[in-house]
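No hydrogens, no waters, no symmetry mates; every other heavy atom, side chains included, goes into these values.
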Amino acid sequence: MANSLSKADERRPSTRPILGCIADDFTGATDLASMLVSAGMRTLQTIGIPETPLEADADAVVVALKSRTIPAKEAVDQSIQALDWLREQGCEQFYFKYCSTFDSTPAGNIGPVTEALMEALGTDFTVACPALPANRRSVFNGYLFANGVPLNESGMQDHPLTPMTDANLVRVLGAQTRHDVGLIDYATLRQGDAAVTARIEALKAEGVGIAICDAIDNEDLFVLARACHDLPLVTAGSGLALGLPANVAERLDHTRDAARLEPIAGREAVLSGSCSRATLAQIEHARQHMPSVHLDALALDDDYQGVVDAALAHAEAHFVADAGNRNAPGPVLIYASASPEEVRRAQQRLGVQEAGELVERAMAEIAAELVGRLGVRRLLVAGGETSGAVVTALDVKGLRIGESIDPGVPWTTTLGTDEPLALALKSGNFGATDFMTKAWKLMP
């Protein structure tokens, strides 16, 4: 899981990062990084755990793991390795980032990873707050709501890998950890950070190790962030990151644009493996504006190479429509996204894990061919597992984070690749319906 950000001699950065973050998937990592950038922190994202020290100045570093759905022990081991590397870079506070839909199973991995990080940092208390109001994720009385309905009615109950059938986060997290789980409720948040700090001390006195935190708007997150100033570890979705930079505002360089990226020209493509409701709506919209190819999991099982080759041939025919101008044809969409019924059929025949791995392998191979042979330099990827497969296939070592397209989804440029690429890695549930079409207009 290790990599190097550059072939140059190892050098220490001239400024050491303050905040060290561990994200359990790649799109979640860019989501978190975009929030930190928007609040003024120069942020780098690594793909996996680097072998060498940082070589670029940054106020925050996000280590992107692919640990959300792997066995809990493996997730713990990888997270501790990431923590060790971040501590070596000089980070002072640490952030474990998971999805705003609290994706997990009764066995983990949120609880086990949180426990392990607490133990490694020698702390007996932390908070857990997946709220992301900008994307309609809120927590009230310990219950998580998505798009205005309880989590288990939002479509997440049909998630192919981590179906969420309970919206009560105290209960969900309590099943994953040996720590007592408490609640910092909305009424306390509305009294301000002093009241939250007092509540934290009271919970600690009661022996509570992790507190689920209510939050229904960004002001709640700012209050919580101020109260977390001295906690060695916080755990959350990306929303809490909006408030943390203010805790160290006097140490940030406000004369530099934290979101500035160098422009990258080249052909464009969209790859989607997410089966979320939001992504399905985005695909339906995008198909009206760009050529598209659907990868069916069952067809891949029957004739894997034939399906992959056909998708690439379709893309190539689109790109060479105007060989004299590489940018003229616009993006092509290749998607394996499917309805819950289609997903269930594939899983029944192939198995849950096998169906997902088949799609990821195809997307990875297609991405490598699009970039290596067909000249794609600007790539939008939808879905956490798909994004992980794609950046691994492209041997991306890290990302510099730019402006957001929609909340939680920034454009980025790659570090460590032979030629720089522009990437947008989108969590399945994120983005407006027109996301896949408007993204190209918002590139640096």
Side-chain angles (χ1 to χ4, degrees), residues 19 21-39 41 43 45 60 62-65 67-69 79 93-104 108-111 113-114 117 126-140 142-147 150-151 154 156 159 162 164 167-170 172-173 176 181 183-184 186 189 210-225 228 231 233-245 276 278 384 387 401 404 406-410 425-431:
L19 184 65
C21 309
I22 302 165
D24 67 358
D25 83 342
F26 292 172
T27 57
T30 54
D31 171 19
L32 172 60
S34 73
M35 295 296 181
L36 294 170
V37 165
S38 72
M41 271 188 157
T43 305
Q45 176 181 332
V62 182
V63 176
L65 302 179
S67 58
R68 181 171 299 172
T69 58
S79 300
Q93 187 178 41
F94 300 90
Y95 194 127
F96 171 39
K97 195 275 177 192
Y98 37 74
C99 188
S100 60
T101 50
F102 215 67
D103 287 26
S104 53
N109 292 336
I110 295 174
V113 171
T114 298
L117 294 174
T126 189
V127 296
C129 185
L132 182 57
N135 277 1
R136 301 191 67 197
R137 311 289 192 271
S138 60
V139 184
F140 184 74
Y143 286 81
L144 178 55
F145 292 81
N147 297 318
L151 182 66
S154 68
M156 280 301 298
H159 193 286
T162 52
M164 299 301 292
N168 186 315
L169 299 189
V170 174
V172 169
L173 187 56
Q176 299 181 26
V181 179
L183 175 66
I184 299 174
Y186 174 77
L189 266 294
I210 308 172
I212 297 294
C213 300
D214 282 359
I216 65 170
D217 59 26
N218 285 345
E219 182 55 38
D220 295 331
L221 294 171
F222 295 143
V223 169
L224 179 61
C228 291
L231 292 183
L233 172 71
V234 297
T235 86
S238 62
L240 188 59
L242 290 171
L244 291 180
S276 74
S387 293
I401 309 301
S404 291
D406 272 333
V409 195
L425 307 178
K426 187 191 85 72
S427 175
N429 288 298
F430 283 12

Check your understanding: Of the non-hydrogen atoms in A39 and A241, which two are nearest, and what is the gap between them?
Key -> CB-O, 4.4 Å

Review point. Taking all non-hydrogen atoms of both residues, which atom of L173 and which atom of A128 are closest, and how far apart?
Key: CD2-CB, 4.2 Å

Review point. Any donor-acceptor pair under 3.5 Å linking the side chain of T101 with the backbone of C99?
Key: no

Review point. Mind checking whether I184 and D214 have side chains closer than 4.5 Å, heavy atoms only?
Key: no

Practice item. Test Y95 against L32 for side chain to side chain contact (heavy atoms under 4.5 Å, CB included), laying out the working first. Key: CA-CA 10 Å; Y95 194 127; L32 172 60; 3.7 Å; yes

Point to revise | Interatomic distance, L221 atom CG to C213 atom SG [nearest 0.5 angstrom] | key: 9.5 Å

**Study point:** Evaluation steps, side chain to side chain contact (heavy atoms under 4.5 Å, CB included), between F102 and L169
**Key:** CA-CA 8 Å; F102 215 67; L169 299 189; 3.9 Å; yes

Exercise for review: For N429 and S427, test the side chains for any donor-to-acceptor distance below 3.5 angstrom and give the result as yes or no.
Suggested key: no

Check your understanding: Side chains of Q176 and S104: donor-acceptor distance under 3.5 Å anywhere?
Key -> yes

**Study point:** Exam field: side chain N135 to backbone R137, donor-acceptor pair closer than 3.5 Å
**Key:** no

Practice item. Output, in order, the C-alpha distance, side-chain angles, deciding distance and verdict of side chain to side chain contact (heavy atoms under 4.5 Å, CB included) for I22 and L117. Key: CA-CA 10 Å; I22 302 165; L117 294 174; 4.0 Å; yes

**Study point:** From CA spacing to verdict: salt bridge (charged side-chain N to carboxylate O under 4.0 Å, His left out), K97, D31
**Key:** CA-CA 10 Å; K97 195 275 177 192; D31 171 19; 3.6 Å; yes

Practice item. Using atom types as modelled and distance alone, determine if a side-chain donor or acceptor of T162 lies under 3.5 Å from a backbone N or O of D103. Key: no

Practice item. Taking all non-hydrogen atoms of both residues into account, name the closest pair between P410 and G408 and its distance. Key: CD-O, 3.7 Å

Review point. Which heavy-atom pair separates Q93 from L231 by the least distance, and what is that distance?
Key: NE2-O, 2.8 Å

Point to revise | Short side-chain to backbone donor-acceptor contact, D24 and L65, under 3.5 Å | key: no

Point to revise | Nearest atoms (heavy-atom pairs only) where L189 meets V223 | key: O-CG1, 3.7 Å

**Study point:** Approximate separation, where rounding is to 0.5 Å, of L233 CG and C228 SG
**Key:** 9.5 Å

Study note, to complete from the structure: Applying side-chain contact (heavy atoms from CB on, under 4.5 Å) to D25 and not counting sequence neighbours gives T27, R68

Revision key, fill the gap. Heavy atoms of G428 and A278 approach each other most closely as O-CB, 3.7 Å

Practice item. Would you please name every residue forming a side chain to side chain donor-acceptor pair (under 3.5 Å) with Y98, sequence neighbours left out? Key: T235

Check your understanding: How long is the gap from OG on S154 to NE2 on H159, to the nearest 0.5 Å?
Key -> 10.5 Å

Exercise for review: Any chance you could measure F94, atom CZ, to C21, atom SG, to the nearest 0.5 Å?
Suggested key: 9.5 Å

Practice item. Go through the steps to decide whether N168 and V172 satisfy the test side chain to side chain contact (heavy atoms under 4.5 Å, CB included), and finish with yes or no. Key: CA-CA 6 Å; N168 186 315; V172 169; 5.6 Å; no

Check your understanding: Hey, does V127 have a side-chain heavy atom less than 4.5 Å from the side chain of I212?
Key -> no

Check your understanding: OG/S138 to CG/L132 distance, rounded to the nearest 0.5 angstrom?
Key -> 10.5 Å

Check your understanding: To the nearest 0.5 Å, what is the distance between OG (S67) and CG (N109)?
Key -> 6.5 Å

Review point. Distance-only, no hydrogens or angles: does the D220 side chain make a donor-acceptor pair with backbone N or O of I216 under 3.5 Å?
Key: yes

Review point. Under a 4.5 Å cut-off applied to non-hydrogen side-chain atoms, are S404 and V409 in contact?
Key: no

